[in-house]
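Encoded as structure tokens, the structure appears first; notes follow it.
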Amino acid sequence: MGALYESDPVLEWVKDGAWTLRDRRTGRSYRSGEDSEPARPVDYAYLGRLARPDGNGNLLVFTGIHPHGTLGVVDLLTSETATLWGQVGENRFSCVVGVEYDPATGEPVRAELASPLYRHEEP
């Protein structure tokens, strides 16, 4: 998975005390509210369609900085697949998903794109 994420031309994972997502184009960093002082019920997640390592197609990959972010991507995909498909079609892409969650239950309250939806150039 590390090699897949490293193949992303726009977004990168950075370990700076805590895991952070960084946008190479804007320089903006996305850090979980769980890793901030004071803690906040906000997390971020990576969502992208990347090339398979064997070159035979693409994979949809996603993971949150913490589990709340991962749950937020699932929530977003179940409610916004048609909208995402309308914007990227079959192209490779990546984005950061911002997730607000209920601190009592850990369940997502709101999930939305926190970064632009970046379409990757095909080789």
Side-chain angles (χ1 to χ4, degrees):
M1 287 305 299
L4 276 172
Y5 289 123
E6 288 172 9
S7 74
D8 188 306
V10 183
L11 301 173
E12 67 179 336
W13 287 97
V14 177
K15 180 76 168 178
D16 183 20
W19 283 107
T20 303
L21 281 162
R22 191 174 77 79
D23 185 322
R24 290 184 184 107
R25 290 191 186 167
T26 66
R28 181 169 179 196
S29 291
Y30 300 88
R31 180 176 288 232
S32 176
E34 195 172 307
D35 300 323
S36 303
E37 284 294 325
R40 299 171 296 123
V42 175
D43 198 19
Y44 294 97
Y46 177 97
L47 169 62
R49 182 185 297 130
L50 302 173
R52 285 177 40 162
D54 64 6
N56 292 321
N58 300 309
L59 294 170
L60 185 67
V61 296
F62 60 92
T63 192
I65 294 173
H66 295 290
H68 310 293
T70 305
L71 288 173
V73 173
V74 172
D75 188 61
L76 183 76
L77 289 173
T78 59
S79 62
E80 298 294 331
T81 299
T83 302
L84 290 169
W85 181 263
Q87 293 179 46
V88 298
E90 296 180 6
N91 298 314
R92 294 178 188 146
F93 73 93
S94 60
C95 62
V96 177
V97 176
V99 181
E100 290 182 34
Y101 60 90
D102 181 328
T105 65
E107 293 295 319
V109 175
R110 185 173 64 144
E112 61 188 14
L113 297 185
S115 75
L117 187 63
Y118 293 112
R119 280 185 237 156
H120 301 176
E121 296 296 319
E122 297 293 327

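Closest of all the heavy-atom pairs between Gly69 and Ala45 is O-CB, 3.4 Å. When all heavy atoms are compared, the tightest approach of Leu4 to Ala51 is CD2-O, 3.2 Å. In terms of heavy-atom proximity, Ala111 sits nearest to Gly72 at CB-O, 3.4 Å.
Looking only at side-chain heavy atoms (C-beta outward), Val74 and Phe62 come within less than 4.5 Å of each other. Put simply, the side chain of Leu11 reaches to within 4.5 Å of the side chain of Tyr46, judged on heavy atoms. Residues Arg25 and Tyr118 have side chains in contact (heavy-atom distance under 4.5 Å, counting atoms from C-beta outward). Val99 places none of its side-chain heavy atoms less than 4.5 Å from the side chain of Leu76. Contact of the Thr63 side chain with the Thr70 side chain is registered, since non-hydrogen atoms from C-beta on lie closer than 4.5 Å. Side-chain atoms of Glu34 and Ile65, non-hydrogen and from C-beta on, never get closer than 4.5 Å to each other. Counting heavy atoms from C-beta on, the side chains of Asn58 and Leu50 never come closer than 4.5 Å. Counting heavy atoms from C-beta outward, Glu90 and Trp85 have side chains that approach closer than 4.5 Å.
Going from atom CZ of Arg40 over to atom CD of Glu100 covers 9.5 Å, rounded to the nearest 0.5 Å. Residue Ser115 holds its OG atom at 8.5 Å from CZ of Arg28, rounded to the nearest 0.5 Å. A distance of 8.5 Å separates CZ of Phe93 from NE2 of His120, quoted to the nearest 0.5 Å. Separation of atoms SG (Cys95) and CG (Leu84) is listed at 6.5 Å; rounding is to 0.5 Å. Expressed to the nearest 0.5 Å, how far CG of Leu59 lies from CZ of Arg92 amounts to 10.0 Å. The distance from the CG atom of Leu71 to the NE2 atom of His68 is 8.0 Å, given to the nearest 0.5 Å.
Cluster annotation: Leu60 is connected to Val88 through the hydrophobic network of ILVMFWY side chains, with a link wherever side-chain heavy atoms come within less than 4.5 Å. Under the 4.5 Å side-chain heavy-atom criterion for ILVMFWY residues, a single connected hydrophobic cluster contains both Tyr5 and Val96. Leu113 and Leu21 sit in two unconnected hydrophobic clusters of ILVMFWY residues. Membership requires side-chain heavy atoms under 4.5 Å apart, directly or through other members.
For the residue pair Ser94 and Asp8, a side-chain donor N or O sits within less than 3.5 Å of a side-chain acceptor on the partner.
For the pair Asp43 (side chain) and His66 (backbone), a donor-acceptor distance under 3.5 Å is present. Without hydrogens or angle criteria, Arg49 side chain to Asn91 main chain gives a donor-acceptor distance under 3.5 Å.
Counting heavy-atom neighbours within 6.0 Å of Arg22 CZ, excluding the residue itself, gives a total above 12.
Looking at Thr20, Asp16, Val14 one by one, the single match for side-chain contact (heavy atoms from CB on, under 4.5 Å) with Ser29 turns out to be Thr20. Checking Trp19, Tyr30, Trp13 one by one against Tyr44, the ring-ring contact (aromatic ring centres under 6.0 Å, His included) holds for a single residue, Tyr30.
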